[in-house]
Amino acid sequence: MSEMEEKKGVESPQFETRRDAPTADVENQTPSSGFGVAAITRRWKREDLLKRGSLALRGLAMVFSLLAFIVMASNRHGDWKDFDKYEEFRYVLAIAILSTLYTLGQVLRHVHELSTGRQMMQKRTSALIDFFGDQIMSYLLISSASSAVPMTNRMREGADNLFTDSLAASISMQFLAFLALAFSALISGYKLSSQSYI
């Protein structure tokens, strides 16, 4: 320092320290949002939750479709109380069989992928099959259920018996299968739209 600076009480700029700067708390850091390890682990948890949620919804759809199939196929009580004499109820049975097979295949594929950690097909192809398959099956399920409701209501007005109760149970199971696959289609659409194609 020069004599002049000593007289004025000013320190040399090369040794100047800032006392007003806050010190960083190294032990209690909050993770930044966007990049880094915390963001990656959040993404992995979200993807895992989506995979398990999709599996659970498809499992529910499989159970409801299987119940609709079993109840409708066993609904034979002779005379006019036979489901295969009515076109609407044969349609319900056919779609219940298709839905059961589709959801069974999807459940088996998801269980295999979760247990082994390996994809059976490319990620993009899998996402497209999930999305379009869920959409098509959910539309078929609601179509068949809605086509059988008017006939069932007309039959229940005339006679409320085991045949009409079984019809209503089968249609209800088909509607619940539709709801499960519709929510699964929402998850599939989210996975499809958030996928990077690089």
Any residue meeting side-chain contact (heavy atoms from CB on, under 4.5 Å) with Ala148, in chain and number order, not counting sequence neighbours: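 Applying side-chain contact (heavy atoms from CB on, under 4.5 Å) to Ala148 gives Glu88, Phe89, Val92, Ile171.
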Taking only residues two or more places apart in sequence or in another chain, which ones pass side-chain contact (heavy atoms from CB on, under 4.5 Å) with Ser115? none
Backbone N or O of Met62 within a donor-acceptor pair of the Ser65 side chain at under 3.5 Å? no
Checking the side chain of Thr125 only, and the main-chain atoms of Met121 only, is there a donor and an acceptor separated by less than 3.5 Å? no
Using distance alone, with no hydrogens and no angle criterion, decide if [X] and [Y] have a side-chain donor and acceptor under 3.5 Å apart.
X	Y	answer
Arg154	Thr164	no
Ser144	Gln174	yes
Ser54	Arg58	yes

Would you check if Arg156 and Leu167 make a side-chain contact, meaning some heavy-atom pair closer than 4.5 Å?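 They are not in contact (no side-chain heavy atoms under 4.5 Å apart), so the answer is no.
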What distance do [X] atom [atom1] and [Y] atom [atom2] have between them, rounded to the nearest 0.5 Å?
X	Y	atom1	atom2	value
Leu108	Met120	CG	CE	8.5 Å
Glu87	Ser147	CD	OG	8.5 Å
Leu186	Gln135	CG	CD	8.0 Å
Lys85	Arg90	NZ	CZ	11.5 Å
Leu128	Lys123	CG	NZ	13.0 Å
Arg109	Leu55	CZ	CG	10.5 Å

Residues in side-chain hydrogen bond (donor to acceptor under 3.5 Å, both in side chains) with [X], at least two apart?
X	answer
Arg52	Asp48
Thr103	none
Ser170	none

Closest non-hydrogen atom pair between [X] and [Y], with its separation:
X	Y	value
Gly53	Ile187	C-CD1, 4.3 Å
His110	Lys191	CE1-NZ, 4.4 Å
Ala180	Leu57	CB-O, 3.5 Å
Ala182	Ser138	N-CB, 4.1 Å
Asp134	Ser184	OD2-OG, 2.9 Å

Would Val111 and Leu104 show up in the same hydrophobic cluster when neighbours are defined by side-chain heavy atoms closer than 4.5 Å? no
Cluster partners of Ile142, using ILVMFWY side-chain heavy atoms under 4.5 angstrom, listed by chain and number? Leu60, Val63, Phe64, Leu67, Tyr91, Ile95, Leu98, Tyr102, Ile136, Met137, Leu140, Leu141, Met173, Phe175, Leu176, Phe178, Leu179, Leu181
